[in-house]
Amino acid sequence: MKELNHEQEKASQVDQEGSLKHYYVWDRGVRWFHWINVIAVLGLIAVGTVILNATSLGVSSEGKVDLKILHAWIGYVFALNLLWRIIWGFIGSPYARWSAILPGGSGYGGRLKEWLLGVKAGKVPSYRGHNPAARLMLALLFFVLATQMVTGLVLAGTDLYFPPFGHEFAEWATAAGEDHSKLEGLVPGAKEMLDPEGYAAMRRFRAPFIEIHEIGFWVMLLAIFGHIAAVVISEVKERDGLISAMFSGYKVFRDKPKD
Ligand code: HEM
């Protein structure tokens, strides 16, 4: 009974204000991608941090291989989810599309300027989808996610001989050529089956990928921090239900959104 009264009270507040409107923004596809991505990225950061500090943590070589395998398995979930989101950006609902996410397009510069002036004047223009500044942040986030995916898949091949490139790297490292029987029993860290020259060349090829993967990790930490800060500030200032919208799909506005 008490709860009903509270609900009624809330409803009448909305009625009195007369202008709170709910808009469906984030479809199921976007919401599922978002939360799977959050969980996978947190897992990858946690295991990646241990790999990065394996020596000082006293992790054995076998332990490090196990950590890499765990990291790669989480990485596959992350990569499939991201690949699926890239496709959804072409076929999903209007606010899920790349045209509504990435910066650019006709009049983008003007809208960004208007948004920045709005922030300065304390009256931020409302957007149903992403505002023009958020689009810049999202471009950075998706770029780093894609970079981690590509470099991670190469490393899974060079370090673990895992798909999609593992077979090619195994051939290179063992100089097996077409003789695939030579690859039988090849496991990460098993040096005796390796062809020294081929293996050294494969490791030289790998070097920039591990470097970029590590830089990507640090950029990602910064980008995640920036993303969370921007979402919390926007929720507090604009009170548009931005955070709950990632669960329910709905945002709430007083004024008519620009888009
Ligand atoms: C958000 C995404 C990701 C983050 C933040 C991340 C982070 C990291 C970090 C910090 C390391 C340790 C780097 C080092 O030892 O110098 C690492 C290594 C590694 N990552 Fe990722 N990673 C991500 C995605 C992926 C994906 C998608 C895969 C592949 C499926 C992958 C495969 C690997 C492998 C095989 C290593 C071991 C390389 C090595 O240290 O020798 N990663 N990752």
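Both counts, for ligands and for their atoms, begin at 1 and track the order of listing. Here the structure is a predicted model, which is why all the values come from computation and not from measurement. Basis for what follows: all heavy atoms, side chains included, without hydrogens, waters or symmetry-related copies.
In terms of protein heavy-atom proximity, atom 28 (C) of ligand 1 is closest to G152 CA, 3.4 Å. Nearest protein neighbour of atom 9 (C) of ligand 1, counting heavy atoms only, is G48 CA, 3.6 Å.
The aromatic rings of W84 and W88 lie parallel to each other, with less than 30° between the two planes, well short of the 60° mark.
Ligand-side atoms of ligand 1 in range of L153: 29 (C), 30 (C), range being under 4.0 angstrom from any heavy atom. Counting the atoms of ligand 1 from 1 in the order shown, those under 4.0 Å from a heavy atom of I51 are 15 (O), 40 (O). The ligand atoms of ligand 1 that sit less than 4.0 angstrom from a heavy atom of A156 are 35 (C).
Taking only non-hydrogen atoms, the option from R206, E214, E211 nearest to atom 39 (C) of ligand 1 is R206. Atom 30 (C) of ligand 1 has its nearest heavy-atom neighbour, among A146, A40, A72, in A72.
Ligand 1 lies out of reach of A79, whose nearest heavy atom is not under 4.0 Å from it.
Both the sub-6.0 Å distance and the 45° axial angle are not jointly satisfied by R135 relative to the ring of W98.
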Please list, one pair per line, the donor and acceptor atoms closer than 3.5 Å that link side chains of residues 190-210 to other protein atoms, with sequence neighbours excluded.
residue : atom : partner : partner atom : Å
D195    : OD2  : G198    : N            : 2.7
R206    : NE   : D159    : OD1          : 2.7
R206    : NH2  : D159    : OD1          : 3.3
R206    : NH2  : D159    : OD2          : 2.9

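The only option from L155, L160, I51 that meets the side-chain contact (heavy atoms from CB on, under 4.5 Å) definition with H71 turns out to be I51. Checked options V219, I215, L221; the residue passing with F217 is L221 (criterion: side-chain contact (heavy atoms from CB on, under 4.5 Å)).
Geometry at atom 21 (Fe) of ligand 1: NE2/H213 and NE2/H71 form an angle of 170°, nearest 10 degrees.
Considering backbone and side-chain atoms together, D159 places an N or O closer than 3.5 Å to an N or O of ligand 1.
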